[in-house]
Amino acid sequence: MHADRSFSLFDTPVGACAIVWSARGIAGLQLPEADDAATRRRVALRHRAGEAAPTPSVQAAVDAIQALLHGAPNALLEIVLDFAEVSSFNRRVYDLARSIAPGQTRSYGEVAEALGEPGAARAVGKALGENPFAIIVPCHRVLAAGGRSGGFSAHGGAATKLKLLEIEARIAPRAGALF
């Protein structure tokens, strides 16, 4: 267990999520598993964190995530992330994914192209599959070619991805793409 990492569960329209933090920022966000106990187990395993009450800055992040999932046009860019265990390439992918506004989507190929790495669509998909910051780094906004949903590593798979996109679709008329 990381001595410097903690997590807390919080309710959202898609179920109970868990937020993980360290002194450096948000270290992860876990989408709901089959039940709260499974979510707790997943967080403890993946992030090696213990459960605790959120700090004020973590609670502010939770509030922003909940607002987004209730239809507020918030790109969550104010949330500071702890990239200590993220590779350089994945960080570039995550930074670019964060620039996709709520209600907008891009393809894996478009993200690769924007990174200056045409042909790296599979590497982009792999990086997004490893995303420890789901929702904050909106991997659900990146689709397969032709607008197909593609994969999604959260519990519920593509159905969860489509649910998140459905929630954000209400935001689209008020939000523009950032890249």
Side-chain angles (χ1 to χ4, degrees), residues 1-104 111 127-142 152-156 160-161 163-168 170-171 174-175 178-179:
M1 188 168 311
H2 275 284
D4 71 332
R5 285 193 180 182
S6 299
F7 79 92
S8 181
L9 263 56
F10 63 98
D11 290 324
T12 74
V14 296
C17 293
I19 192 163
V20 182
W21 67 93
S22 72
R24 295 173 297 279
I26 302 303
L29 192 131
Q30 177 64 49
L31 290 170
E33 291 290 322
D35 57 37
D36 291 359
T39 302
R40 282 183 173 92
R41 282 192 303 274
R42 174 86 181 226
V43 169
L45 262 169
R46 183 173 188 189
H47 296 282
R48 301 174 312 278
E51 194 163 4
T55 66
S57 63
V58 171
Q59 187 59 54
V62 167
D63 294 345
I65 294 162
Q66 288 173 321
L68 171 70
L69 293 176
H70 280 98
N74 185 345
L76 307 176
L77 297 175
E78 71 281 2
I79 298 175
V80 176
L81 300 177
D82 175 355
F83 288 108
E85 295 184 10
V86 174
S87 74
S88 170
F89 178 78
N90 286 15
R91 180 167 182 170
R92 289 178 52 224
V93 171
Y94 300 163
D95 286 343
L96 197 113
R98 287 185 91 186
S99 74
I100 304 169
Q104 304 294 312
V111 171
L128 292 172
E130 297 169 355
N131 176 15
F133 313 104
I135 300 174
I136 303 168
V137 170
C139 50
H140 61 280
R141 296 180 194 148
V142 184
F152 199 60
S153 58
H155 179 74
T160 299
K161 183 176 195 170
K163 175 68 174 169
L164 292 169
L165 291 171
E166 178 186 309
I167 290 168
E168 291 185 356
R170 298 185 302 248
I171 301 168
R174 300 179 301 226
L178 301 176
F179 92 89

| field | Residue of the set Thr39, Leu9, Ile65, Thr12 for which side chain to side chain contact (heavy atoms under 4.5 Å, CB included) holds with Cys17 | value | Thr12
| field | Minimum side-chain heavy-atom gap Arg24-Asp4 below 4.5 Å | value | yes
| If we only count heavy atoms from C-beta on, is the Leu68 to Pro102 side-chain gap below 4.5 Å? | yes
| Qualifying residues under side-chain contact (heavy atoms from CB on, under 4.5 Å), relative to Ser57, sequence neighbours excluded | Thr55
| task | Calculate, to the nearest 0.5 Å, the distance between atoms CG and CG belonging to Leu128 and Asn90 respectively. | result | 8.0 Å
| field | Sub-4.5 Å side-chain heavy-atom contact between Leu69 and Ile135 | value | yes
| If only atom types and distance count, is the side chain of Gln66 paired as donor or acceptor with the main-chain N or O of Asp11 below 3.5 Å? | yes
| query | Hey, which of Phe10, Trp21, Phe7 is the one that makes side chain to side chain contact (heavy atoms under 4.5 Å, CB included) with Pro54? | reply | Trp21
| query | Got a donor-acceptor contact below 3.5 angstrom from the Asn131 side chain to the Val137 backbone? | reply | yes
| Is the side chain of Ser22 donor-acceptor paired with the backbone N or O of Arg5 at a distance under 3.5 Å, no angle test? | no
| task | Could you tell me whether a side-chain N or O of His47 sits under 3.5 Å from a main-chain N or O of Val43, the two making a donor and an acceptor? | result | no
| said: Has Arg42 got a side-chain atom pairing as donor or acceptor with Pro32's backbone, closer than 3.5 angstrom? | reply: no
| query | Looking only at atom types and distance, does a side-chain atom of Tyr94 sit under 3.5 Å from a main-chain N or O of Ile136, one as donor and one as acceptor? | reply | no
| Less than 4.5 Å apart, any side-chain heavy atom of Phe133 and any of Cys139? | no
| Where at least one partner belongs to residues 50-73, residue pairs that pass salt bridge (charged side-chain N to carboxylate O under 4.0 Å, His left out), sequence neighbours excluded | Arg40-Glu51
| note | The residue among Arg91, Arg98, Arg92 that forms salt bridge (Lys or Arg N to Asp or Glu O under 4.0 Å) with Asp95 is Arg91
| request: State which residues pass salt bridge (charged side-chain N to carboxylate O under 4.0 Å, His left out) with Arg46; sequence neighbours excluded, sorted by chain then number. | output: none
